[in-house]
Amino acid sequence: MAAMSAKDDSAGEAADIFTEMLRIQGEAARQVMETFLPEAAEAVPGDETLADWGESAMRIQRMWEEFHREQKTPETPLPFFVDPAQWMGFMQGWYQQMPLLDPERQRRLFEEGLELWEDILAKFETASQDGTAAATLQLPREDRRFAAPEWRDRPVFALIHQTYLLFAERIGEAVNEVEGLDEQEREQLRFATRSVLDAISPANFPLMNPLVLERTIETQGENLAKGMERLTADLDKGQLTHTDSTAFRLGENIANTPGKVVHETELFQLIQYSPTTEEVLEIPLLIFPPWINRFYILDLNPKKSFVRWAVEQGLTVFVVSWRSADESLAHVVWDDYIRAQIEAIDVVRARLKVPNVHTVGYCVAGTTLAATLAILARRGQADRVASATFLTAQVDFERAGELKLFVDDKQLELIRQASKGGFLDGRYMAATFNLLRGTDLIWNYVVNYYLLGEDYPAFDLLHWNGDVTNLPARWHESYLRDLYRDNRLVVKDSLEADGTPIDLTRVATPVYVQAGREDHIAPPESVFRMLSHLSGPARFVLAGSGHIAGVVNPPAAGKYQYWTGSADAPSLEDFVAGAEEHPGSWWTDWLGWLESHGGTRVPARGKRKPGGRSDHVIEDAPGRYVAMR
């Protein structure tokens with residue numbers, strides 16, 4: 001019981017940090033309790049309607065009181081039920097107080113704003129005289145947050161969102177031009193400023209969002225009452241809800257490719273999938289997914305599953321299912337993950353009596369796989385791996401994108417504070433990744449599900465995204481410090497693991513390197529740099545879309561595209577300039593490449609069929625570890 005209590009306390013302390021974002025964005029929503037009834041009474045007449053308003057308001061009031069009994073709410077300078085005049089005043093005041101904005105720049109913005117208002121009002125006047133629909137007007141600036149015609153139906157909403165876009169544009173320019181900052185500081189300022197601008201978008205405030213206003217009138221405030229229930233629930237669990245997770249069940253409609261758990265340690269389970277073809281490639285495939293997320297991103301459902309597709313192509317597929325960290329894994333460091341990869345390789349080789357395996361490393365597991373290959377090469381054991389495929393994986397972190405903003409001393413100390421009990425609660429990482437795409441992964445959901453009260457979709461990818469895993473604190477801190485911050489993996493023998501120095505130039509294993517063109521977690525130019533640090537034959541493929549959709553793109557879907565070209569190109573830009581574009585999924589290209597490195601097929605019998613006679617297995621796939629929290 002004492003251990004469980006410590007775990008609960010640890011999770012609670014971590015929650016205070018990574019739910020701060022939700023607390024801040026939600027504080028405004030809570031202020032609706034104090035202003036809701038007057039607005040409702042003015043907007044909607046009639047006894048019956050007012051009764052509906054009153055019922056919604058009372059529900060919100062009860063949630064408000066309950067919430068304050070359990071939470072501490074920070075102050076916010078801008079209440080959620082703010083009117084347009086207050087919002088404009090806040091924007092103007094914030095702009096004037098920014099030290100990097102000189103008086104001359106402020107004067108120009110004021111004049112530009114007047115010109116903008118005169119131009120927009122003139123357009124509406126002309127449209128009124130000509131009988132042109134206001135929603136068809138072409139306004140100076142476009143943004144998908146304001147794409148609905150309601151944002152152009154009336155001058156007030158057009159003026160609001162166009163003023164905001166002008167303001168955001170000029171602030172961004174000022175950040176880019178301010179002097180005296182190194183690149184890291186500029187990126188941090190740019191990120192922080194963008195986050196604030198995302199938060200104060202008029203789309204996020206009920207009285208300035210015409211769609212929310214209309215929905216509130218239609219439902220007598222039921223949308224806001226429903227939204228407050230959701231907000232309170234999300235604050236309680238410390239995580240933003242993106243989908244209806246009740247629709248998904250492990251082993252039934254997600255992670256349901258048939259297979260068996262054939263090996264288990266404290267850190268991982270090894271799953272072998274049942275063949276569906278009479279013959280299979282002799283060399284098996286061993287996949288290392290990232291332990292930052294659950295493995296079943298590669299086995300979402302039969303139509304999207306890379307695992308099922310690979311099995312259907314005649315591959316004997318093994319996947320590592322990492323265990324979510326708790327106090328019992330507080331000792332785990334990077335060496336343990338490298339030893340786990342080596343152990344999994346040897347288990348598969350021994351189980352099927354083959355000399356080597358094909359490997360796949362996704363994201364952080366790909367980074368670790370590169371180190372594992374370097375260690376095997378130094379030990380004279382490189383022939384245990386026939387090939388290595390890297391999916392959105394980095395080894396050179398010089399240009400690793402916005403995640404580098406979270407690795408300075410202040411951020412590392414924040415992570416240490418959040419890592420009580422020897423592990424980092426996965427909700428912290430989820431909040432971090434959401435912040436990288438705040439408009440799409442935070443505010444879009446605030447508007448749709450807190451303000452409009454829409455029903456959550458049943459989307460398996462979003463369910464997986466919210467199915468977080470905890471990380472060993474010692475591993476996580478060293479990973480951020482040694483790789484992201486100090487970029488030591490590409491420095492010969494700067495790092496070691498399991499007693500062996502790491503030199504990536506020793507890796508001569510054939511590699512297939514895949515990057516996502518729109519990847520914001522592992523930028524393609526950063527992934528491309530891997531090629532200059534390895535010594536063996538390489539094929540580089542640039543896939544359409546990003547970190548997830550660029551990988552999980554089954555051929556039958558007919559989506560996106562991929563580019564092939566010379567892996568010897570000096571830069572990604574040069575690669576793209578000479579690349580050939582292909583429609584659809586890169587999976588088929590990868591399969592052809594894999595077969596070129598060992599195409600012999602053998603009957604799918606014996607231990608190629610897990611769980612058969614005399615084959616001791618532990619349990620059915622997807623196993624216990626994937627369900628551990």
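Here the side chains of Q394 and P523 are in contact, with some heavy-atom distance below 4.5 Å. By the 4.5 Å heavy-atom criterion applied to side chains, R294 and W464 are counted as neighbours. Side-chain contact between N448 and Y445: absent, with no pair of heavy atoms (C-beta onward) separated by less than 4.5 Å. Contact annotation: the side chain of S585 never approaches that of Y560 to less than 4.5 Å [non-hydrogen atoms, C-beta and beyond]. The shortest side-chain heavy-atom distance between Y450 and M228 does not fall under the 4.5 Å cut-off. Taking the side chain as every heavy atom from C-beta outward, I297 and Y362 approach each other to under 4.5 Å. Within the 4.5 Å cutoff, no side-chain heavy atoms of Y449 are placed close to those of D455.
Here the CH2 atom belonging to W443 is positioned 9.5 Å from the OG1 atom belonging to T439, to the nearest 0.5 angstrom. In this structure, N465 CG and I548 CD1 are separated by 7.5 Å, a value rounded to the nearest 0.5 Å. Summarising the geometry, atom CG belonging to L137 is positioned 5.0 Å from atom CZ belonging to F124; distances are rounded to the nearest 0.5 Å. Atoms CG and CG, from L213 and L451 in turn, are 10.5 Å apart once rounded to the nearest 0.5 Å. Atoms CG and SG, from L391 and C363 in turn, are 10.0 Å apart once rounded to the nearest 0.5 Å. Atom-to-atom distance recorded for N293:CG and F433:CZ is 7.0 Å, nearest 0.5 angstrom.
A donor-acceptor pair is defined here as one N or O able to donate and one able to accept, closer than 3.5 Å; no such pair exists between the side chain of T243 and the backbone of S245. D119 places no side-chain N or O within donor-acceptor distance of the main-chain N or O of E115, the cut-off being under 3.5 Å. Here the side chain of N434 pairs no donor or acceptor atom with the backbone of I442 at under 3.5 angstrom. Of the possible donor and acceptor atoms, one in the side chain of Q162 sits under 3.5 Å from a partner among the backbone N and O of R141. In this structure a side-chain-to-backbone donor-acceptor pair under 3.5 Å is present from S526 to D396. When atom types are taken as modelled, the side chain of N223 and the backbone of T219 share no donor-acceptor pair closer than 3.5 angstrom. Side chain of S324 to main chain of N470: a donor-acceptor pair is present (N/O by atom type, distance under 3.5 Å, no hydrogens or angles).
We find that D440 and R144 are joined by a salt bridge, their nearest charged nitrogen and carboxylate oxygen being less than 4.0 Å apart. Note on D467 versus R629: salt bridge recorded, some NZ/NE/NH1/NH2 to OD/OE distance being below 4.0 Å. Ion pair E111/R108 not flagged as a salt bridge, since none of the NZ, NE, NH1 or NH2 atoms sits closer than 4.0 Å to an Asp/Glu carboxylate oxygen. The existence of a salt bridge linking K226 and E229 is excluded, since no basic side-chain nitrogen approaches an acidic carboxylate oxygen closer than 4.0 Å. Ion pair E118/K123 not flagged as a salt bridge, since none of the NZ, NE, NH1 or NH2 atoms sits closer than 4.0 Å to an Asp/Glu carboxylate oxygen. A salt bridge is absent between E398 and K404; no separation between the charged side-chain nitrogens and carboxylate oxygens falls under 4.0 Å.
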Intermediate values then yes/no, salt bridge (charged side-chain N to carboxylate O under 4.0 Å, His left out), E454 and R230: CA-CA 11 Å; E454 295 180 354; R230 292 168 172 172; over 6 Å; no

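For E214, the salt bridge (charged side-chain N to carboxylate O under 4.0 Å, His left out) criterion is met by no residue, not counting sequence neighbours. For F295, the ring pair (Phe, Tyr, Trp, His ring centres under 6.0 Å) test picks out no residue, with sequence neighbours left out.
Crowding of R190 atom CZ: a count of heavy atoms from other residues, nucleotides or ligands under 6.0 Å exceeding 12. Atom CZ of R186 has more than 12 neighbouring heavy atoms from other residues, nucleotides or ligands inside a 6.0 Å radius.
Minimum interatomic distance between M208 and F157 (heavy atoms only, all atoms of both residues): O-CD2, 3.6 Å. Of all the heavy atoms in L424 and S419, the pair that sits closest is CD1-OG, 3.5 Å. Between A203 and N209, the shortest heavy-atom contact is O-ND2, 2.7 Å.
For W151 and F146, the distance between ring centers is under 6.0 angstrom.
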